[in-house]
Amino acid sequence: MSDSEASAVLAAPPDIDAQPESVQPRRMTLNMGPQHPSTHGVLRLELELEGETVRRCRPDIGYLHTGIEKQCEALTYQQALTLTDRVDYLAPLSNNLCYCLAVEKLLGIEIPAVAQWTRVLLTELTRLNSHLVWLGTHAIDIGAMSVFLYCFREREEILRIFELFSGQRMMTSYFRVGGLALAPPRGWQARVKTFIDSFPSKVDEYEDLLTNNKIWINRTRGVGYISLEDMLDLGITGPMLRAAGLNWDTRKTAPYSSYEKFDFEVPTRTENDVYARYQVRVEEMRQSCKIVKQALEGMPSGPHTADAAKVVLPERERMKTQKEALIYHFKIVNEGFAVPEGEVYQVIESPRGELGYYVVSDGTSKPFRVHIHGPSFGNLQAVPKLVEGILLADVIASIGSMDFVLGDTDR
Amino acid sequence: MPVDSMPVDGNLTAELGAFDAEAVLAEKLDRGELTLEITPGKIAAVCAHLKTACGFERLSGVTAVDRYPSEPRFEAVYHLHSVSRNERVRLKCRLRGDSAEIDSVTLVWRSANWYEREVFDLFGIHFRNHPDLRRIMLPDDWQGHPLRKDYPVRGYK
């Protein structure tokens, strides 16, 4: 370098802030998941960031695909039921119920009142269970540590009630085609009553911690907006729609399992943000509590399984004394039961939204096809619409407010 | 048992018949659920009509059934839902195994995007004009389509 060149460089130091027009702000690609704690399972989000702002989001699912639909085709109807627990591990009984209703519709059998009411009672406890896990983990994501401990305290009691009924805490398989697996156990009323009487005050405790909490409000209010039209178009269902003002709950619009006999309200909000979804779910917990109370007080008496000898396993005592009962038992256990040809799409309101089971029968004892339409699959599809353009920190709050379960998405 | 509200008076078939006389091949009302068999080539137009003129604002799901070894082998199944009418309807298109192709309905409902990708992944049915037809559940380099009836339930390759 000559002296003149050197002095020219010294005279005009480069402007480090100036950039050629062609250079765009630097984009960074960030992989969130599949092991990120706030994705609640194995969801991977490929985020393109400009600073802290999310410009593009690509969800990647399938990490938990277990081929449950394929396996159902190789099992008898009653065996396949045990797989439905594993679809949505936070709401196993909702999946049991939906599958049973679909197969019972194909069979055309009438379910006795005790079974229907017990199903309602336990499905609503499942809703409480699922919402408690959601509230605890959602709060922990946003930084409210203690709510989690409170929620899991009550969840533990619900799991104990499940254990009392079925012998299992999570994968209960307690609903069977034709009714219930076992008669409700002795003393269940007292256990459920103790829990349900104290539960509303526990919800007050969660609300004390969050509803007027300034940090909670700042993190959730006005965050995660998505228009109602977009939601319907993208396949979102459940509490998210109700937080946008749409009063649609399958328990009301197409009642199943005698929900029409229960008095409850469908909570809605219109703000359509993370906070509104929180309010809707908290109110849903109170309503579920009301339903459980009604089921407890008005529980009818009678048999817990349908009068269908070819479908329902006979009582143990009858098997010992009646030849016919023994034959039916042998046939049901070895071959299963034949289901008349046809197809059915049964929809119920799971804690997360519209849960649908499409069951096709070819007249044999194994389902020809079982398609599970999990609410999380539809909901997750809207993640890019929800998070593109917002801050990275709000992504956590937004996807938390969707309450998805990856088992339900990937099946 | 209350029936999950499905139209029982058959007026939907009449509405579709007025729209396109050749669209509906067959109709079946079974266990309170209405199934319409649609000409495969007209599925996108029929769906668009059902959404805009008949109030079916939601697509509840897309799936398929494999009738192997009989032909036409595949049934593409669409579950439509109208919140405003509180009705559900099932549309069905039969597709031959050697040309398992059908128009995508992603332009009608964006939710069809993932639903169709799932059917493509697990059944190998190709959706024409789909914006992003990739595997969704299985790895990109997976061989075969597991929900086909000629795909084994278990075993090693």
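To find a chain, count down the sequence lines: A is the first, B the second, and so on, and within it residues start at 1.
Between A/I61 and B/W114, the shortest heavy-atom contact is CD1-CZ3, 3.8 Å. Across all their heavy atoms, B/L147 and A/E73 have their closest contact at CD2-OE2, 4.2 Å.
Among B/V77, B/L138, B/L59, the residue making the largest number of heavy-atom pairs under 4.5 Å with chain A is B/V77. Comparing B/P139, B/S60, B/A112 by heavy-atom pairs within less than 4.5 Å of chain A, the highest count is held by B/S60.
Of the inter-residue distances, the one linking A/T409 atom OG1 with B/I136 atom CD1 reads 9.5 Å to the nearest 0.5 angstrom. One distance of note links NZ of A/K70 with OH of B/Y151; it measures 8.0 Å at 0.5 Å rounding. Of the inter-residue distances, the one linking B/M137 atom CE with A/T66 atom OG1 reads 9.5 Å to the nearest 0.5 angstrom. If you take NE2 on A/H371 and CG on B/L122, they are separated by 9.5 Å, rounding to the nearest 0.5 Å. Residue A/D230 holds its CG atom at 11.5 Å from OG of B/S111, rounded to the nearest 0.5 Å.
For chain B, no part of A/L64 is nearby; none of its heavy atoms comes within less than 4.5 Å. Of the atoms belonging to A/P375, not a single heavy atom falls under 4.5 Å from chain B. Contact annotation for B/R67: both backbone and side-chain heavy atoms come within less than 4.5 Å of a heavy atom of chain A. At a 4.5 Å heavy-atom cutoff, the contact between A/K385 and chain B is made by side-chain atoms alone. Both the backbone and the side chain of B/N113 come within less than 4.5 Å of a heavy atom of chain A. Of the two parts of B/V83, only the side chain, counted from C-beta on, holds a non-hydrogen atom closer than 4.5 Å to a non-hydrogen atom of chain A. The contact between B/V108 and chain A is made entirely by backbone atoms, counting heavy-atom distances below 4.5 Å. In this structure, no portion of B/V119 lies under 4.5 Å from any heavy atom of chain A.
Proximity of A/R369 to B/K149: side-chain heavy atoms (C-beta onward) are nowhere separated by under 4.5 Å. Contact of the A/Y345 side chain with the B/T35 side chain is not registered, since no non-hydrogen atoms from C-beta on lie closer than 4.5 Å. Looking only at side-chain heavy atoms (C-beta outward), B/H79 and A/V347 stay at 4.5 Å or farther from each other. At a threshold of 4.5 Å between non-hydrogen side-chain atoms, the residues A/L106 and B/R31 count as touching. Residues A/T237 and B/R58 meet the side-chain proximity criterion, which asks for heavy atoms closer than 4.5 Å. B/E75 is not listed as a side-chain neighbour of A/V360, based on a closest heavy-atom distance of 4.5 Å or more. In this structure, B/K51 and A/D233 have side chains that are in contact, with non-hydrogen atoms separated by less than 4.5 Å. Looking at B/V65 and A/Y358, their side chains come closer than 4.5 Å, going by heavy atoms from C-beta outward.
A salt bridge is absent between A/E343 and B/K28: the closest approach of a Lys/Arg side-chain nitrogen to an acidic carboxylate oxygen does not fall below 4.0 angstrom. A salt bridge does not link B/R134 with A/D60: none of the charged nitrogens is closer than 4.0 Å to a carboxylate oxygen. Between B/R88 and A/E354, at least one side-chain N (NZ, or NE/NH1/NH2) sits under 4.0 Å from a carboxylate O, which counts as a salt bridge.
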(Q) Working note: B/H81 + A/W248, criterion ring pair (Phe, Tyr, Trp, His ring centres under 6.0 Å); need CA distance, chi angles, decisive distance, verdict. (A) CA-CA 12 Å; B/H81 177 216; A/W248 166 46; 4.8 Å; yes

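The local environment of CG in B/D132 is crowded, with over 12 non-hydrogen atoms from other residues, nucleotides or ligands closer than 6.0 Å.
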